[in-house]
Amino acid sequence: MAVNTLRLLSADMVQAANSGHPGLPMGAAAMAYVLWAKFLKFYPGEPSWPDRDRFILSAGHGSALLYSLLHLSGYNLPLEQLKNFRQWASRTPGHPEYGLTPGVEATTGPLGQGMANAVGMALAESFLAARYNRPEFDILNHYTYVLAGDGDMMEGISYEAASLAGHLKLGKLIVLYDSNRITIEGSTALAFTENVRNRFEAMGWHTEYVPDGNDIAVIERAIETARQEPARPSLIEVKTEIGFGAPNKQGKASAHGEPLGEQELLAAKRRLGWPEQSFYIPEEVSLLFRDIFERGKEKFLSWEQKYSSYARAFPSPAGDLNRILKGDLPLDWETIWQTFGFDIKPAATRTASGKIINHMAGHMPELMGGSADLAPSTKTILTGESDYSSENRGGRNIRFGVREHAMGGILNGLAYHGGVRPYGGTFLVFSDYMRPSIRLAALSKLKVIYVFTHDSLAVGEDGPTHQPVEHLLSLRAIPGLTVIRPADTFETALGWRWALETASGPTALILTRQDLPSLDLSLKSVIREGLPHGGYILAEGFRSLLDVTLIATGSEVHLALEARSLLEKENIAARVVSLPAVTLFQKQDSRYIKSVIPENIPTLVMEAGVTLGWRTYWDNDSHVCGVDKFGASAPGSVVMRNYDFKAENILDNVRAMLKNKTDG
């Protein structure tokens with residue numbers, strides 16, 4: 001009865017919206033019920049309970065099933081919200097959204113993402129348990145469960161993430177694979193005929209097979225067996241029928257992504273022996289889920305008592321754990337920054353970032369991350385810290401391997417779980433491989449930090465395949481992602497500080513391979529005040545009446561400073577504006593923006609990236625020195641000069657701009 005309640009509540013939701021995916025909820029209801037009723041550790045009264053099990057619906061199109069489970073289990077999701085499925089301002093959107101609906105652990109829908117998120121969550125659980133649990137006090141001891149479908153298994157990110165999970169032997173990760181053999185276009189036989197269980201076994205997973213997706217006893221035994229497998233993650237393939245119960249659509253692609261229709265829904269209810277009324281919930285089912293709620297409450301209260309005893313017995317780690325689970329900064333935050341030593345020698349901003357990461361890691365045990373096989377180049381290794389591995393769950397260096405997309409999804413999972421401040425590094429050009437995960441981090445407001453190095457044509461000899469051109473614009477286009485391209489060590493430190501202290505979502509730090517001079521440290525206070533605004537006046541003209549404003553980001557700031565000095569010799573007064581975070585600058589009030597970039601003054605922008613986006617903000621007297629074609633293979637300084645990133649070209653452009661203005 002409970003299983004049919006889940007099936008038909010979900011089908012009613014889709015029908016009421018006249019939009020959605022009834023097939024998965026109707027086919028997978030039995031395995032979802034077994035998991036939630038028999039195994040899942042949760043308490044709706046405390047949705048953020050740190051030791052709850054995590055459930056991720058990777059096949060996010062089946063959201064109606066998750067909302068039905070959340071409502072019946074007692075989360076703050078009233079029946080009215082189910083009736084408003086997929087409607088404006090409801091808490092039941094078409095795909096689950098973290099932070100919007102209580103009980104939703106991750107934003108899913110783009111297939112495969114939930115699989116990677118779950119790897120991050122399982123990794124976070126084992127890391128925190130290794131660090132903070134004590135004998136007789138297993139404060140953090142929970143499982144991560146995933147419900148995934150055929151589409152999840154086809155996506156490349158799931159391969160990457162599952163490969164790493166098998167290598168790391170994440171035994172508390174259990175995936176329920178809803179193998180219904182149907183996608184939007186029809187049978188999976190059209191494009192997907194591999195043996196999924198064999199593939200996962202080859203990646204070091206334990207697998208189970210349930211031939212009948214409605215056999216509750218067999219599903220229960222399979223999950224219990226998986227829970228007893230501490231050294232391997234588990235995949236349980238459950239053969240189901242999409243749209244189970246709908247007499248004319250069961251097992252067909254038409255059940256996947258469209259409402260059943262009033263007549264077919266009515267026929268399904270009759271076939272399953274169900275009342276014809278919409279959104280019907282039997283009293284017996286309500287009582288059953290009330291018992292589940294009470295069991296969860298008992299587990300939570302027992303954990304609270306254990307945590308109180310733990311805090312008395314181990315006040316120092318308990319206090320640390322309490323802080324990081326809340327996401328608070330260390331109490332001596334200001335002192336931490338004051339003790340960082342700034343070197344005035346020329347340095348690549350990737351090198352500066354590496355020193356900052358290591359300085360912060362000594363004060364923030366929650367800081368954890370790594371690189372997609374590029375740590376020596378991205379400078380993302382924590383020196384003196386061990387690697388996270390199957391033998392060492394407390395290690396803070398994560399070796400993601402050459403798996404950029406999985407790294408992005410796993411970083412999101414670490415952030416979703418809580419208790420970890422994750423970062424990940426790769427070359428800027430390879431951020432393309434991570435973009436779907438970055439976008440979801442922004443949508444979910446996750447405090448993930450991306451360390452993107454080798455930021456321009458100055459990469460040099462590796463050539464156009466490795467020289468990012470369009471990437472800055474592309475990343476800035478993602479709502480909620482803050483992109484910071486610092487000009488030296490000090491701006492890099494301030495970028496890291498902003499990301500750790502202020503950011504309400506993800507931050508991308510865009511860093512150089514080549515050494516850059518240090519900015520004038522007598523301007524520390526100016527830079528410190530200016531960077532959080534996204535842009536600021538770095539160097540003023542030699543007279544109050546300006547002729548031109550030079551705007552630059554990152555390495556090009558030094559070119560702007562050089563050009564300013566040369567222009568002064570020609571009696572041209574130039575202001576230099578450092579604009580490390582364009583999107584932050586755009587959020588400032590117009591008064592501040594105009595004080596930095598005055599109106600009616602010719603403007604020249606310098607950035608080693610595409611000019612699209614810059615031309616929007618300034619008038620016809622302005623010019624952009626950028627790159628609207630791919631790079632070339634040669635030493636970095638040679639490439640930059642040949643693409644006109646040289647002082648002589650800047651002077652020529654300024655002269656032409658001023659002549660045009662005079663002639664006009």
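No experiment lies behind these values; they were computed from the predicted model shown. Residue numbers count from 1 along this sequence.
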Can you confirm whether Arg439 is buried at CZ, in the sense that more than 12 heavy atoms of other residues, nucleotides or ligands lie under 6.0 Å from that atom?
no
So, taking the atom named OH in Tyr132 and the one named CG in Leu140, what distance separates them when rounded to the nearest 0.5 Å?
10.0 Å
For Gly394 and Ala130, which heavy atoms make the closest approach, and how far apart are they?
N-CB, 3.7 Å
Taking every non-hydrogen atom, the tightest pair across Thr240 and Met31
CG2-CE, 3.6 Å
Salt bridge check, Glu237 against Lys239: does any charged N sit closer than 4.0 Å to a carboxylate O?
yes
According to the interplanar angle, ranging from 0 to 90°, do the rings of His466 and Phe430 count as parallel (below 30°), tilted (30 to 60°) or perpendicular (above 60°)?
perpendicular
Non-hydrogen side-chain atoms of Phe55 and Phe42 separated by less than 4.5 Å:
no
With a 6.0 Å cut-off on ring centres, are Tyr43 and Trp49 close enough?
no
Name all pairs fulfilling the side chain to side chain donor-acceptor pair (under 3.5 Å) condition that reach into residues 180-189, sequence neighbours left out, sorted by first residue then second.
Asp178-Asn180, Arg181-Glu241
I need the Thr482 OG1 to Leu475 CG distance, nearest 0.5 Å.
11.5 Å
Are there over 12 heavy-atom neighbours, none belonging to Leu100, within less than 6.0 Å of that residue's CG?
yes
Quick check: does any side chain N or O of Asp215 sit under 3.5 Å from a backbone N or O of Val218, one acting as donor and the other as acceptor?
yes
OG/Ser73 to NE2/His71 distance, rounded to the nearest 0.5 angstrom?
9.5 Å
State whether Asp432 and Arg435 are salt-bridged, where the test is any N-O pair (Lys NZ or Arg NE/NH1/NH2 against Asp/Glu carboxylate O) under 4.0 Å.
no
Could you check whether any side-chain N or O of Arg396 sits under 3.5 Å from a backbone N or O of Ala361, counting only pairs where one atom can act as donor and the other as acceptor?
yes
Inspect the surroundings of NZ in Lys447 and state if more than 12 heavy atoms from other residues, nucleotides or ligands are less than 6.0 Å away.
yes
For the side chain of Ser371 and the backbone of Gly425, is there at least one donor-acceptor N/O pair under 3.5 Å apart?
yes
Show the nearest heavy-atom pair for residues Leu481 and Ala508, with the distance to one decimal.
CD1-N, 4.0 Å
Would you say the side-chain atoms of Ser163 pair up with the backbone N or O of Glu160, donor to acceptor, closer than 3.5 Å?
no
Can the positive tip of Arg197 be found less than 6.0 Å from the middle of the six-membered ring of Tyr209, inside 45° of the ring normal?
yes
Does any non-hydrogen side-chain atom of Thr426 lie less than 4.5 Å from one of Met434?
yes
For Ser444 and Tyr416, which I'm curious about, is there any donor-acceptor pair between the side chains at under 3.5 Å?
yes
Is any side-chain heavy atom of Val104 closer than 4.5 Å to one of Leu66?
yes
Begin from the C-alpha positions of Arg295 and Ile292 and carry the test side chain to side chain contact (heavy atoms under 4.5 Å, CB included) through to its verdict.
CA-CA 5 Å; Arg295 290 203 305 270; Ile292 296 170; 3.5 Å; yes
Quick check: does any side chain N or O of Ser68 sit under 3.5 Å from a backbone N or O of Ala64, one acting as donor and the other as acceptor?
yes
Kindly assign one of parallel, tilted or perpendicular to the pair Tyr310 and Phe314, based on the angle between their ring planes and the thresholds 30° and 60°.
tilted
Kindly say whether Gly204 contributes a backbone atom to a donor-acceptor pair with the side chain of Arg232 at under 3.5 angstrom?
no
Run the salt-bridge test on Glu224 and Lys38 with the 4.0 Å N-O cut-off and return the result as yes or no.
no
Between Arg393 and Tyr388, does any side-chain donor sit less than 3.5 Å from a side-chain acceptor?
yes
With sequence neighbours left out, write down each residue that passes salt bridge (Lys or Arg N to Asp or Glu O under 4.0 Å) with Glu194, or none if nothing qualifies.
Arg199
Validation row: Phe452, His471 side chains within 4.5 angstrom (heavy atoms)
no
Applying the side-chain contact (heavy atoms from CB on, under 4.5 Å) criterion to Tyr177, which one of Ile236, Val238, Asp150 satisfies it?
Asp150
Before you tell me yes or no, could you show the steps for Arg221 and Glu208 under side chain to side chain contact (heavy atoms under 4.5 Å, CB included), namely the whole-Å CA-CA distance, both residues' side-chain angles and the distance that decides it to 0.1 Å?
CA-CA 10 Å; Arg221 284 198 298 272; Glu208 293 282 328; over 6 Å; no
What are the two closest non-hydrogen atoms of Val420 and Ala124, and how far apart are they?
CG2-CB, 4.2 Å
Rounded distance [0.5 Å steps], CD in Gln467 versus CG in Asp455
11.0 Å
Is the terminal nitrogen or CZ of Arg227 (NZ for Lys, CZ for Arg) located under 6.0 angstrom from the six-membered ring centre of Tyr143 and within 45° of that ring's axis?
yes
Using side chain to side chain contact (heavy atoms under 4.5 Å, CB included), reason through Asp53 and Trp36 one step at a time and then give a plain yes or no.
CA-CA 10 Å; Asp53 289 338; Trp36 282 61; over 6 Å; no
Salt bridge present between Arg52 and Glu105 (N-O < 4.0 angstrom)
yes
Side chain proximity check, Tyr75 to Thr101, heavy atoms < 4.5 angstrom:
no
The test is side chain to side chain donor-acceptor pair (under 3.5 Å); show your working for Ser158 and Asp152 and say whether it passes.
CA-CA 7 Å; Ser158 70; Asp152 289 291; over 6 Å; no
Side chains of Leu176 and Ile223: closer than 4.5 Å at any heavy-atom pair?
yes
Are the side chains of Trp303 and Ile139 in touch, meaning some heavy atoms are under 4.5 Å apart?
yes
Reported CZ-to-CG distance for the pair Arg421 and Leu411, which is rounded to 0.5 angstrom:
12.5 Å
What is the minimum heavy-atom distance between Ile449 and Leu500, and which atoms define it?
CD1-CD2, 3.8 Å
Nearest-0.5 Å distance that lies between atom CE in Met115 and atom CD1 in Ile410:
11.0 Å
Could you check Lys445 against Ser504 for side chain to side chain contact (heavy atoms under 4.5 Å, CB included), going step by step and ending with a plain yes or no?
CA-CA 6 Å; Lys445 298 181 173 62; Ser504 58; 5.7 Å; no
For Lys41, the salt bridge (Lys or Arg N to Asp or Glu O under 4.0 Å) test, sequence neighbours excluded, returns Asp51
Keeping Asn397 on the side-chain end and Ile381 on the backbone end, is there a donor-acceptor pair under 3.5 Å?
no
Quick check against the 3.5 Å criterion: does Asp320 have a side-chain atom that pairs as donor or acceptor with the backbone of Ser316?
no
Keeping the roles fixed (side chain from Ser302, backbone from Glu298), state whether a donor-acceptor pair exists under 3.5 Å.
no
Write down the atom of Val210, the atom of Ala222, and the distance for their closest heavy-atom approach.
CG2-CB, 4.0 Å
Please check this pair: side chain of Arg350 against backbone of Ser377, looking for a donor-acceptor N/O pair closer than 3.5 Å.
yes
Between Phe127 and Ile398, is there a side-chain heavy-atom distance shorter than 4.5 Å?
no
